[in-house]
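To keep things clear, I will list the structure first and then write my remarks on it.
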Amino acid sequence: MSASARTPLPPFDPADPLGIDDLLDPEDLAIRDTVRSWAADRVLPHIADWYEKGELPGIRELARELGSIGALGMSLEGYGCAGATSVQYGLACLELEAADSGIRSLVSVQGSLAMYAIHRFGSEEQKRRWLPGMAAGEIIGCFGLTEPDHGSDPASMRTHAKKDGADWVLTGRKMWITNGSVAGVAVVWAQTDEGIRGFVVPAGSPGFSAPEIKHKWSLRASVTSELVMDEVRLPADAVLPEVVGLKGPLSCLSHARYGIVWGAMGAARSSFDAAVEYAKTREQFGRPIGGFQLTQAKLADMAVELHKGVLLAHHLGRRLDAGRLRPEQVSFGKLNNVREAIEICRTSRTILGANGISLEYPVMRHATNLESVLTYEGTVEMHQLVLGKALTGLDAFR
């Protein structure tokens, strides 16, 4: 008799139908539980109100708390960073986005874009000046790449920096910048005579401003801004010395996209859980709607896509920890998981009926947030073309 025949099967867990938790070690689970508990205590009781008002009050305090649990620059080494694994960082992203995409965006931009750029491409002086405070949440960072007229085509950016003696003079505009108006430092990418370079710009620099963008119907509990640089004079050591060209910002984006692969599944899980609970208690025609075949078919299809997406995120995380994750694989994950997460939210809304549009439930909030997540860090079309090129060897971008 085989060992499998002698060992009784564990009970089926509706929250983990594929047994993915068996792939996690105790430290992974402890980090996940810490972030989940923080989000339940500090975000969930208030998020509907924040979203309805279109604000994120106390963002600086939230950032410090996130720093205290090691969530900022989580997978970076040294300079006060937690040095967690990529899978652990992914689990944190999932739990944060299960609360709200705006909270996960705060963490992603801080750690995977601004801090990652300084950590990977900065000088030792830049790292020591900025990273400890950013890891602690004492300094909030932002990342300026997208422009009003150039999103998917960053090579055509108009922001430029010119040498003036030993200094740099930076001029241009960036758009849709998370954390912009509350940031103490911005990593800004600009055209130079040498190629595209990154600059570390203190927020108080003369000529630098970050007006907040209002009237959003997505990511409402998030600070989104424009960055305006009007002949901002920077010292020679403001430039990130270790990279020239688009590979700098694109490598940062790839790191941020990895977090989105996990985060989108958090939004999907929250919506799915709401739909399951609603289906078990909402009665029509004398019985819970969860007992009808069509509702069960919806729940089964959502569960399949949700947990396939989590398994995909876990696989990519293990590859990243092994140094084997390619940008095309990140595009694969971002394309699939965000697209499926939106569909899970929409299907959950149908199960909740009219209640699905109410902020009493998280479903519509997640659905509208994911419309932004679908676009930022690379649109659906851009990731399709990345994969298309990888599959055919033919470049269809232009």
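For the pair Ser251 and Arg120, the minimum side-chain heavy-atom distance is below 4.5 Å. Counting heavy atoms from C-beta on, the side chains of Ser101 and Glu97 come closer than 4.5 Å. Considering only heavy atoms from C-beta on, Thr178 comes within 4.5 Å of Ser222 through its side chain. At least one side-chain heavy atom of His383 sits less than 4.5 Å from a side-chain heavy atom of Arg257. Using a 4.5 Å cut-off on side-chain heavy atoms (C-beta onward), Trp50 and Asp100 make no contact. You'll find the side chain of Leu219 reaches within 4.5 Å of the side chain of Ser105, heavy atoms only. Residues Leu72 and Met134 are not in side-chain contact: their nearest non-hydrogen atoms beyond the backbone lie 4.5 Å or more apart. Met115 is listed as a side-chain neighbour of Cys81, based on a closest heavy-atom distance under 4.5 Å.
Arg104 has no carboxylate O lying under 4.0 Å from a charged side-chain N of Glu377, or vice versa, which leaves the two without a salt bridge. Using a 4.0 Å cut-off between a side-chain N of Lys or Arg and a carboxylate O of Asp or Glu, Glu95 and Arg269 qualify as a salt bridge. A salt bridge is defined here as a Lys NZ or Arg NE, NH1 or NH2 lying under 4.0 Å from an Asp or Glu carboxylate O, and Lys280 with Glu277 meets this definition. A salt bridge does not link Arg32 to Asp28: none of the charged side-chain nitrogens sits closer than 4.0 Å to a carboxylate oxygen. Under a 4.0 Å N-O distance rule, the pair Arg158/Asp149 qualifies as a salt bridge.
The cluster map of Ile, Leu, Val, Met, Phe, Trp and Tyr, joined by side-chain heavy atoms under 4.5 Å apart, puts Val373 and Leu306 in the same cluster. Two different hydrophobic clusters hold Met229 and Val200 under the rule that ILVMFWY side chains link at heavy-atom gaps under 4.5 Å. Note on Leu23: it clusters hydrophobically with Val261, by side-chain heavy-atom contacts below 4.5 Å among ILVMFWY residues. Hydrophobic cluster membership is shared by Leu374 and Val363, with clusters built from Ile, Leu, Val, Met, Phe, Trp and Tyr side chains linked at under 4.5 angstrom. Tracing side-chain contacts under 4.5 Å through hydrophobic residues (I, L, V, M, F, W, Y), one never reaches Val380 starting from Trp176; they form parts of separate clusters.
Panel note: side chain Lys334, backbone Gly378; a donor-acceptor pair is recorded below 3.5 Å. When atom types are taken as modelled, the side chain of Ser123 and the backbone of Gln126 share a donor-acceptor pair closer than 3.5 angstrom. The main-chain N or O of Ile139 is found under 3.5 Å from a side-chain atom of Gln110 such that the two form a donor-acceptor pair. With hydrogens and angles disregarded, a donor-acceptor distance shorter than 3.5 Å links the side chain of Arg287 to the backbone of Gly291. Without hydrogens or angle criteria, Asn337 side chain to Ala264 main chain gives no donor-acceptor distance under 3.5 Å. Listed for the Arg197 side chain is a donor-acceptor partner under 3.5 Å among the backbone atoms of Leu240. Judged by distance alone, the side chain of Ser37 and the main-chain N or O of Asp33 form no donor-acceptor pair under 3.5 Å. Without hydrogens or angle criteria, Thr368 side chain to Met364 main chain gives a donor-acceptor distance under 3.5 Å. Remark: the backbone N or O of Ala183 is not paired with any side-chain donor or acceptor of Asn179 at under 3.5 angstrom. Under a 3.5 Å cut-off, the side chain of Thr171 and the backbone N or O of Glu231 do form a donor-acceptor pair.
Between the NE2 atom of His366 and the OG atom of Ser270 there is a distance of 3.0 Å, given to the nearest 0.5 Å. Rounding to the nearest 0.5 angstrom, the gap separating the CG atom in Leu312 from the NE2 atom in His307 is 14.0 Å. With values rounded to the nearest 0.5 angstrom, Leu66 atom CG is found 11.5 Å from Arg64 atom CZ. Note that CG of Leu62 and CD1 of Ile103 are 6.0 Å apart. Values are rounded to the nearest 0.5 Å.
Residue Ala161 comes nearest to Leu170 through the heavy atom pair CB-CD1, 4.0 Å, listed as atom of the first residue, atom of the second, then distance. Residues Pro202 and Ser205 come closest through the heavy atom pair O-OG, 2.8 Å. Of all non-hydrogen atoms in Phe121 and Gly248, the two that sit nearest each other are CE1-O, 3.6 Å. Heavy atoms only, all atoms of each residue included: Gly111 and Leu76 are closest at O-CD1, 4.2 Å. When all heavy atoms of Cys142 and Ile177 are compared, the pair lying nearest together is CB-CG2, 3.7 Å.
No more than 12 heavy atoms of other residues, nucleotides or ligands lie within 6.0 Å of CG in Leu294, so this atom counts as exposed by the packing criterion. The neighbour count for Asp193 CG, taken as heavy atoms of other residues, nucleotides or ligands under 6.0 Å away, does not exceed 12. Atom CG of Leu311 has more than 12 heavy atoms from other residues, nucleotides or ligands within 6.0 Å. Other residues, nucleotides and ligands place no more than 12 heavy atoms under 6.0 Å from the CZ atom of Phe285. Annotation for Lys389: atom NZ does not count as buried by contact number, only 12 or fewer foreign heavy atoms lying within 6.0 Å. Heavy-atom contacts from other residues, nucleotides or ligands closer than 6.0 Å to CD of Glu194 number more than 12. No more than 12 heavy atoms of other residues, nucleotides or ligands lie within 6.0 Å of CD in Glu52, so this atom counts as exposed by the packing criterion. For Arg42, the CZ atom sits in a packed shell: over 12 heavy atoms of surrounding residues, nucleotides or ligands are nearer than 6.0 Å.
Ser348 and Ser271 share no side-chain donor-acceptor pair at under 3.5 Å. A donor atom on one side chain and an acceptor atom on the other are not found under 3.5 Å apart for Ser358 and Asn355. Side chain to side chain, Thr224 and Lys216 meet the donor-acceptor criterion of an N or O pair below 3.5 Å. A donor-acceptor contact closer than 3.5 angstrom links the side chains of Thr159 and Glu147. Checked by atom type, the side-chain pair Lys174/Thr146 shows no donor-acceptor distance below 3.5 Å.
Residues that satisfy the ring-ring contact (aromatic ring centres under 6.0 Å, His included) test with Tyr361, not counting sequence neighbours, are Tyr278. Take Trp168 and apply the ring-ring contact (aromatic ring centres under 6.0 Å, His included) test, not counting sequence neighbours, and it matches Phe199. Under the rule for a ring-ring contact (aromatic ring centres under 6.0 Å, His included), the partners of Tyr116 that lie at least two apart in sequence or sit in another chain are His255.
Of the residues Leu56, Ile59, Leu106, the one that meets the side-chain contact (heavy atoms from CB on, under 4.5 Å) test with Val182 is Ile59. Of the listed residues (Arg129, His119, Glu124, Arg128), just one forms a side chain to side chain donor-acceptor pair (under 3.5 Å) with Tyr79, and that residue is Glu124.
Ring-plane geometry between Trp262 and Tyr258 is classed as perpendicular, the angle between the planes exceeding 60 degrees on a 0 to 90 degree scale with a lower cut at 30.
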>> Is there a side-chain hydrogen bond (donor to acceptor under 3.5 Å, both in side chains) between Lys298 and Thr350? Walk through the geometry before answering.
In response: CA-CA 9 Å; Lys298 290 179 181 181; Thr350 69; 3.0 Å; yes
